[in-house]
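Below you'll find the structure, written out as structure tokens, and then a few comments.
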Amino acid sequence: MPATPSPTVAPAPASIPARAGTQIRLNGVTKDYGLAIPAVADVSLTIEPGEFMTLLGPSGSGKTTTLNLIAGFETLTAGSISFNGADVSALPPHKRNLGMLFQNYALFPHMTIAQNVAYPLRERRVPRAEITRKVAEVLELVQLTGRDDNYPAQLSGGQQQRVALARAIVFGPTALLLDEPLGALDRNLRASLQMEIQRIHREVGSTFVFVTHDQEEAMNLSDRIALFNDGRIEQVGTPESLYEAPETLFTARFLGDSNVFELARRADDTVVWENTVWALDSRTVSARASAGGRAALVVRPEDVRVGADDAAVPAGVNSVPATIRDIGYMGAYRTAVLSFGRDGTVGRARFDATQTDLSVGQSVTAWWRVDKQRVVAV
Ligand code: ADP
Ligand code: MG
């Protein structure tokens, strides 16, 4: 990530240098509200300067609490947080100098767009001429030039969120924290604002910490994703590494669709599911699964093919008898909903739209390449 100094950097509190690309480090961060499990439990994570880091996870997994701890809106039960190596754990929010963006735009309705965006600069006693220049600059960045004198109510939801984004970055914050900022927008608008946020991240070059429960949004936007589960980080990595090399069944299921076979037995080069013995490539066993304990074999629907009979199955692949429960037409391809084995484990496969020898109710053979499967911890 280029750590180019932003032209919109305002004087920051002496405690934190305001510059693009701050490193944010969470060390054993815990927040306990006295519930059955802590809201955030022993989270350690280093967010690199200029990185786009997404905190992803189901509702209630501790994402917002983590963001609020970084912002200083909540106090730590245990652990510490540092910005560029300086401990900020005891600093009040305003001294952390962060930009924030939430789902609800929280614009001041009685102020114009320009006044809204100027607000954090006025608070920081930036000279008037500089305010005018920076507001113009940042409105251009969010493509709202010329709307200075409008009021929030005169703008669409997407435009209002762009104003809130302008207001959150105009003062050159230490980092930008975004909590489900697109959650209130419809699908098309969300996609276009995702692209805007990505572009602005590139142009500004500062550290973004983005919270969402939407895995597609996370995959689309992030340099890295920290996947949360019950207040803990399940796995951290690039979108590709989480999708292609999940450590656990939780990760495999949360990012994309998976066929899941809970394994009865494992040896060095085979696994057993029900009565079926499959070949195993040790390179596709996750580190967490290697450590022992219960494991499952997972394989993505796009990697599973369906043959009308055994003769249609190539040599050297893993296969399993299946029954077709449903067929869906997706344009370029078709998907089959399958049930496998004695317990009727439900799964999915993909096949070419030109393959016409398959129908609902048919007994078939599902197969996949050994290197496409992965053994994960359950
Ligand atoms: P997420 O943003 O991932 O949906 P949260 O961080 O909001 O999750 O919540 C994590 C857990 O902490 C949930 O069980 C939630 O009910 C609990 N929690 C969050 N804030 C508070 C609070 N102020 N008081 C008590 N419990 C809270
Ligand atoms: Mg939340």
Side-chain angles (χ1 to χ4, degrees), residues 24-47 51-81 88-93 96 98-106 157 160-161 164-165 168 173 175-187 189-190 193-194 197 207-237 239 242 246-256:
I24 300 173
R25 184 165 220 157
L26 283 67
N27 188 8
V29 163
T30 299
K31 180 67 185 183
D32 195 343
Y33 290 110
L35 304 173
I37 57 163
V40 179
D42 195 23
V43 163
S44 293
L45 177 68
T46 301
I47 305 167
E51 186 169 34
F52 197 119
M53 172 68 82
T54 295
L55 314 183
L56 172 67
S59 174
S61 59
K63 309 179 298 292
T64 293
T65 303
T66 302
L67 210 65
N68 287 340
L69 289 165
I70 295 172
F73 298 145
E74 295 280 1
T75 55
L76 293 157
T77 307
S80 65
I81 297 175
V88 298
S89 307
L91 276 190
R96 301 189 190 195
L98 295 159
M100 304 282 302
L101 193 62
F102 305 100
Q103 179 167 329
N104 53 335
Y105 323 117
Q160 288 184 39
Q161 197 57 316
L165 179 58
L176 187 63
L177 310 185
L178 310 95
D179 194 351
E180 312 245 5
L182 311 180
L185 306 174
D186 71 44
R187 196 184 161 80
L189 203 51
R190 239 181 27 221
L193 263 157
Q194 276 177 22
I197 287 176
T207 308
F208 279 33
V209 189
F210 186 97
V211 163
T212 183
H213 64 272
D214 180 330
Q215 54 106 354
E216 268 185 54
E217 188 165 276
M219 302 267 275
N220 184 16
L221 286 172
S222 319
D223 292 320
R224 282 191 304 158
I225 295 170
L227 180 59
F228 276 68
N229 180 15
D230 281 345
R232 294 179 181 275
I233 293 184
E234 185 83 8
Q235 193 168 343
V236 187
L242 263 65
E247 285 289 329
T248 64
L249 188 52
F250 180 87
T251 304
R253 282 203 162 123
F254 204 84
L255 288 125

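Hydrogens, waters and symmetry mates are skipped; everything else that's a heavy atom, side chains included, is used. For the single chain, residues carry numbers from 1 onward in sequence order. First listed ligand is number 1; within each ligand, the first listed atom is number 1.
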Measure the OG1-CD distance between T207 and E51 for me, rounded to the nearest 0.5 Å.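 The CD atom of E51 is 8.0 Å from OG1 of T207, to the nearest 0.5 Å.
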Which protein N, O or S atoms sit under 2.8 Å from the Mg ion (ligand 2)?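 N, O, S partners closer than 2.8 Å: T64 OG1.
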Among L76, T65, N68, which residue meets the side chain to side chain contact (heavy atoms under 4.5 Å, CB included) test with V40?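 Among L76, T65, N68, the one meeting side chain to side chain contact (heavy atoms under 4.5 Å, CB included) with V40 is T65.
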Applying the side chain to side chain contact (heavy atoms under 4.5 Å, CB included) criterion to L221, which one of E216, M53, Q194 satisfies it?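 By the side chain to side chain contact (heavy atoms under 4.5 Å, CB included) criterion, L221 pairs with just one of E216, M53, Q194: Q194.
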With heavy-atom distances below 4.5 Å as the criterion, would you say the side chains of D214 and E180 are in contact?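 When only atoms from C-beta onward are counted, E180 and D214 do not touch, as no gap falls below 4.5 Å.
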Report yes if some heavy atom in the side chain of L227 is under 4.5 Å from a heavy atom in the side chain of L255; otherwise report no.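 Of all side-chain heavy-atom pairs linking L255 with L227, at least one is under 4.5 Å.
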Select all protein residues for which some heavy-atom-to-ligand 1 distance is less than 4.0 Å, and list them by chain and number.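 For ligand 1, the residues that come within the 4.0 Å heavy-atom cutoff are Y33, L35, A39, P58, S59, G60, S61, G62, K63, T64, T65.
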Determine yes or no for a side-chain-to-main-chain donor-acceptor pair under 3.5 angstrom, with R224 supplying the side chain and V236 the backbone.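 Answer holds: no.
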Once ring pair (Phe, Tyr, Trp, His ring centres under 6.0 Å) is applied, do any residues pair with F210, and if so which ones, sequence neighbours excluded?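 If we apply the ring pair (Phe, Tyr, Trp, His ring centres under 6.0 Å) test to F210, skipping adjacent residues, the hits are F52.
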The criterion is ring pair (Phe, Tyr, Trp, His ring centres under 6.0 Å); which residues satisfy it with F250, sequence neighbours excluded?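 Listed in chain order: F254.
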Verdict with reasoning, L165 to L176, per side chain to side chain contact (heavy atoms under 4.5 Å, CB included): CA-CA 9 Å; L165 179 58; L176 187 63; 3.7 Å; yes
